[in-house]
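Letters A, B, ... mirror the listed sequences (proteins, then strands); counts begin at 1.
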Protein chains: 2
Amino acid sequence: MTPHPRNGRAPSVKDVAAAAGVSLGTVSNVLNRPSVVSAATRERVERAMAELGFVRNESARQLRAGTSRALAYVMLDGGNPFFHDVAEGIETAAEAADLSLFVCNSNGRSDREAKHIDRLVQQRVQGILITPVDPDAGHLTEIAQRGIPFVLVDRFSRSGGHCSVAVDDVLGGRIAVEHLIDRGHRRVAFVGGPSSIGQVRERLQGARAVWAEFGMPEEDLIHLPTEAMTVNEGRSAGERLAGLPSRRRPTAAFCANDLLALGLLQHAVTAGLRVPDDLAIVGFDDIDFAAAAAVPLTSVRQPRQELGRTAARLVLDEATNPDHVHEQATFVPALVARASTGTVRR
Amino acid sequence: MTPHPRNGRAPSVKDVAAAAGVSLGTVSNVLNRPSVVSAATRERVERAMAELGFVRNESARQLRAGTSRALAYVMLDGGNPFFHDVAEGIETAAEAADLSLFVCNSNGRSDREAKHIDRLVQQRVQGILITPVDPDAGHLTEIAQRGIPFVLVDRFSRSGGHCSVAVDDVLGGRIAVEHLIDRGHRRVAFVGGPSSIGQVRERLQGARAVWAEFGMPEEDLIHLPTEAMTVNEGRSAGERLAGLPSRRRPTAAFCANDLLALGLLQHAVTAGLRVPDDLAIVGFDDIDFAAAAAVPLTSVRQPRQELGRTAARLVLDEATNPDHVHEQATFVPALVARASTGTVRR
DNA sequence: TTGTATGCGTTATCAA
DNA sequence: TTGATAACGCATACAA
């Protein structure tokens, strides 16, 4: 490839045609229907393309085609590895469909989310996958009204007005707390918040349900609310937990996600508590850092990559299949038991 | 906004013009030079735009403009939070310049990297920021030959043929080991690899230099090579470390990044070693999970966001400033001391 | 098998 | 202040 920057502009099909001594249409044929062009000309054109360092201009293709060849995923929290695993699943599926994937990060801020969406609509992406700050926000319904295929990721669609993929969070809560009861715990903390997050509510709901089914007194499942699902908040929940009078102090904690659990674990270790002997901990999501913790964390596993792949499949179906019907895909979470809940008590 | 999907296609300036009863040029003026348009017509046009739900078509703009309004960052390892923090710094700068940012992940694979670059060239991005699998790979020089501004991130440009941003890794190695010597350690392990990674070599080089300067015997700085910079490899290094005869066994380890350090920490705790009393640990990068570890990790801090911001600044300068000269920006790493090296020995 | 002509949506130039 | 027109690069329908 020789650098032929004709006037700073990248070479176009026209330039290739001129260099190869053929018409523009023939060059286009070489690119899109190589079989209809004779071997000799094809080779000549290909040589010219290599010579000039020709690269298709995607915006021109896209303008012509009327649609881009890209999907987008707007994730909620780039600092949480969970979302990157989901993104990887999406990318796998996008790749398979020969589509690009734009990954955006709203970082929990509605304004950033809206801005990203604006851009994506301008880009005419084929579909938008999103884990929204607020599933009921106006700009989401706008996407749908625009006729852009879109799928809620890791959130349920209450209305059924669009596709969604998520795990059964109530079940996830049940599994976690049943495991703790099984391990002999009779006083348990639920760490998580804010309650405006549907998943927090549902995981707590599942926890309470199974707690009641086992005939445990309601007041022995203590909710330690947090302001966010972060390591920091997990630490601060640990402090509040330590501050409880010892007869009220839980012997185990179920955290609404792994970041909280890691923070809680850190506080416990710093405070000289043994995990799991003095305090057992269960997280949620099963991010890689859960297994990597000093005391490997028991966690409720979400099939992160599969969530992503399925979401991509659904959005592609909506984009290409005229008979598409919205679907709420639900996955079953699974407990992954590790050292942080290792022993049976007594 | 009423859904007016004329034939499935999104409304164009032409549609807006028709709806507002003006010419297409006037609509364009409303969009790009609102001041030249009378208030009355402007309002009429704006109403029509709202009515139809008009959104500019970015590919058409881009085709017209000849260049996209986007930057791209191709990162090396999406599973390592370090790179996301860098990406966030880049995004901040891109945002300020009203550019979109495409974030890609090569995941350490050269073929994926090349594929991403192909796509980005087709998209005609304004510039490419990249932490490459191999800084000497052919597709990198191709980018430059194409005249696309590009910057190496977290890697040095040996040749000086392009911009780069990185920290002084030799210095980073010095700082880390000096800290350990300071804490009274006389046998130290360097955990990291493969040596094909320049940073591993340089961090080790710095470690050795300061080790020698303090008059310590060469054989007491033990290199435990790893096959990658991952938590798993850190764990396996821990096993090898534990297998050393006790008179040879280091009392401290300097890991070439935080993932290795977290893995090593986990192994140590599992094996019943006290950190830092039996084994002190220093990491590199200072990712958030380092501070969040059960035993908070001492780490050599890279100014991650600033690396990103600077890289973006450089690529934008190359893209817009005709007098641009390539620049190798070097940042100074800083030690962040935490509990994992907490005590002075003896 | 190859060439010619047209339009995608936008912006800018020029004329009215 | 507004309108008509051309051009960006590509893909395709159709003509040769």
Side-chain angles (χ1 to χ4, degrees), chain A residues 4-46 48-49 52-69 119 121-125 146, chain B residues 4-46 48-49 52-69 121-126 146:
Chain A
H4 269 222
R6 76 141 179 12
N7 206 14
R9 271 195 166 327
S12 72
V13 280
K14 212 188 274 181
D15 299 315
V16 173
V22 298
S23 85
L24 167 167
T26 300
V27 177
S28 184
N29 279 337
V30 171
L31 288 168
N32 303 301
R33 275 119 65 219
S35 60
V36 312
V37 40
S38 81
T41 22
R42 186 169 64 228
E43 204 191 314
R44 202 145 39 91
V45 170
E46 274 163 355
M49 295 200 295
L52 271 60
F54 169 79
V55 176
R56 277 155 131 116
N57 182 322
E58 180 64 27
S59 26
R61 296 186 76 182
Q62 182 172 323
L63 175 58
R64 172 69 225 242
T67 169
S68 84
R69 305 183 307 130
R119 270 208 242 276
V121 175
Q122 291 180 201
Q123 307 263 11
R124 302 292 194 267
V125 294
R146 284 233 148 67
Chain B
H4 268 222
R6 78 144 182 6
N7 204 14
R9 270 195 167 326
S12 72
V13 278
K14 212 188 272 182
D15 300 315
V16 174
V22 298
S23 85
L24 162 171
T26 300
V27 177
S28 181
N29 280 336
V30 171
L31 288 168
N32 302 301
R33 274 122 55 220
S35 61
V36 312
V37 139
S38 79
T41 18
R42 186 171 63 226
E43 204 191 314
R44 200 144 41 91
V45 169
E46 274 162 354
M49 295 199 297
L52 271 63
F54 168 80
V55 175
R56 274 157 135 115
N57 181 323
E58 180 63 27
S59 24
R61 297 185 79 182
Q62 181 171 326
L63 175 59
R64 174 68 225 236
T67 170
S68 83
R69 305 183 308 129
V121 175
Q122 291 179 200
Q123 307 263 11
R124 301 292 193 268
V125 293
Q126 294 226 1
R146 284 231 148 69

K.L.:
Starting at CG of A:Leu63 and ending at C1' of C:dT6, how long is that distance when rounded to a whole Å?
P.N.:
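Roughly 13 Å, once rounded to whole Å.
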
K.L.:
Any chance you could lay out the salt bridge (charged side-chain N to carboxylate O under 4.0 Å, His left out) test for A:Arg119 and B:Glu58, step after step, and finish with the verdict?
P.N.:
CA-CA 8 Å; A:Arg119 270 208 242 276; B:Glu58 180 63 27; over 6 Å; no

K.L.:
Going by the rule side chain to side chain contact (heavy atoms under 4.5 Å, CB included), which residues pair with B:Arg42 if we only count those two or more places apart in sequence or in a different chain?
P.N.:
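Checked B:Arg42 against side chain to side chain contact (heavy atoms under 4.5 Å, CB included); matches are B:Val30, B:Pro34, B:Val37, B:Ala39, B:Glu46.
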
K.L.:
Please state how far atom CZ in B:Arg124 lies from atom C1' in C:dT10, giving the value in whole angstrom units.
P.N.:
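Rounded to the whole Å, the gap is 18 Å.
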
K.L.:
Just how far is it from atom CZ of B:Arg9 to atom CG of B:Asn57, taken to the nearest 0.5 Å?
P.N.:
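Here the interatomic distance stands at 9.0 Å.
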
K.L.:
Starting at CG of B:Leu52 and ending at P of C:dG9, how long is that distance when rounded to a whole Å?
P.N.:
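Nearest whole value for this atom pair: 13 Å.
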
K.L.:
Taking DNA chain C as the partner, which of residues 19-32 of chain B come within under 4.0 angstrom of it by heavy atom?
P.N.:
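Of all residues in residues 19-32 of chain B, the ones placing a heavy atom under 4.0 Å from DNA chain C are B:Leu24, B:Ser28, B:Leu31, B:Asn32.
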
K.L.:
Mapping A:Ala60 and B:Arg42 onto DNA chain D by nearest heavy atom, which one lands closer to the 5' end?
P.N.:
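Between the two, 5'-proximity favours B:Arg42.
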
K.L.:
Distance from A:Gln122 atom CD to B:Ser59 atom OG, nearest 0.5 Å?
P.N.:
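Answer rounded to 0.5 Å: 10.5 Å.
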
K.L.:
Could you list all N or O pairs between the protein and nucleotides 14-16 of chain D that sit under 3.5 Å apart?
P.N.:
none

K.L.:
Quick one: list whatever passes side chain to side chain donor-acceptor pair (under 3.5 Å) with B:Arg124, sequence neighbours left out.
P.N.:
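Scan of B:Arg124 (side chain to side chain donor-acceptor pair (under 3.5 Å), adjacent residues dropped) gives none.
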
K.L.:
Roughly, in whole Å, what's the span from CZ in B:Arg44 to C1' in D:dG3?
P.N.:
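Spelled out: CZ on B:Arg44 to C1' on D:dG3 is 13 Å.
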
K.L.:
Find the distance A:Glu58:CD to D:dC10:C1' and express it as a whole number of Å.
P.N.:
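Those two atoms, CD and C1', are 11 Å apart.
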
K.L.:
Mind checking what makes side chain to side chain contact (heavy atoms under 4.5 Å, CB included) contact with B:Glu43, not counting sequence neighbours?
P.N.:
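Side chain to side chain contact (heavy atoms under 4.5 Å, CB included) list for B:Glu43, sorted by chain: B:Arg47.
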
K.L.:
May I ask you to verify if any side-chain N or O of B:Lys14 is less than 4.0 angstrom from the OP1 or OP2 atom of C:dT10?
P.N.:
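B:Lys14 to C:dT10 OP1/OP2: no side-chain N or O under 4.0 Å.
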
K.L.:
Roughly how many Å is it from CG in B:Asn57 to C1' in C:dT10, rounded to a whole number?
P.N.:
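Value for this atom pair: 8 Å.
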
K.L.:
Suppose we screen for side chain to side chain contact (heavy atoms under 4.5 Å, CB included). Which residues come up paired with A:Ser23, at least two apart in sequence or across chains?
P.N.:
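Partners of A:Ser23 under the side chain to side chain contact (heavy atoms under 4.5 Å, CB included) test: A:Thr26.
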
K.L.:
Under the salt bridge (charged side-chain N to carboxylate O under 4.0 Å, His left out) rule, collect the residues that match up with B:Arg44, sequence neighbours excluded.
P.N.:
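Partners of B:Arg44 under the salt bridge (charged side-chain N to carboxylate O under 4.0 Å, His left out) test: none.
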
K.L.:
Using a cut-off of strictly less than 4.0 Å, decide whether B:Thr41 has a side-chain nitrogen or oxygen near OP1 or OP2 of D:dT2.
P.N.:
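Affirmative; the distance criterion is met.
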
K.L.:
What pairs with B:Arg56 under side chain to side chain donor-acceptor pair (under 3.5 Å), at least two apart in sequence or on another chain?
P.N.:
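Side chain to side chain donor-acceptor pair (under 3.5 Å) check on B:Arg56 returns B:Asn32.
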
K.L.:
Taking the side chain of A:Ser38 as heavy atoms from C-beta outward, which of C:dG9, C:dT1, D:dG9 is closest to it?
P.N.:
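Within the option list, the nearest is C:dT1.
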
K.L.:
Could you tell me how far apart B:Arg61 (CZ) and C:dC8 (C1') are, to the nearest whole angstrom?
P.N.:
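Those two atoms, CZ and C1', are 17 Å apart.
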
K.L.:
Select base, sugar-phosphate, or nothing to describe what B:Val37 touches, counting heavy atoms under 4.0 Å on all strands.
P.N.:
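Sugar-phosphate: the residue B:Val37, judged by heavy atoms under 4.0 Å, touches backbone atoms but no base.
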
K.L.:
Test of understanding: with side chain to side chain contact (heavy atoms under 4.5 Å, CB included), list the residues that count as partners of A:Thr67, not counting sequence neighbours.
P.N.:
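If we apply the side chain to side chain contact (heavy atoms under 4.5 Å, CB included) test to A:Thr67, skipping adjacent residues, the hits are A:Gln126.
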
K.L.:
Ignoring backbone atoms, test whether A:Arg9 places a side-chain nitrogen or oxygen under 4.0 Å from the OP1 or OP2 oxygen of D:dG9.
P.N.:
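The answer is yes; a side-chain N or O of A:Arg9 sits under 4.0 Å from OP1 or OP2.
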
K.L.:
Nearest whole Å is fine: how far is C:dG9 P from B:Asp15 CG?
P.N.:
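Taking atom P of C:dG9 as the reference, CG of B:Asp15 is at 8 Å.
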
K.L.:
OP1, OP2 of D:dA11 versus side-chain N and O of A:Arg56: anything below 4.0 Å?
P.N.:
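Looking at the OP1 and OP2 atoms of D:dA11, one of them is under 4.0 Å from a side-chain N or O of A:Arg56.
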
K.L.:
Strictly below 4.0 Å: does B:Ser12 bring a side-chain N or O up to OP1 or OP2 of C:dC8?
P.N.:
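B:Ser12 to C:dC8 OP1/OP2: no side-chain N or O under 4.0 Å.
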
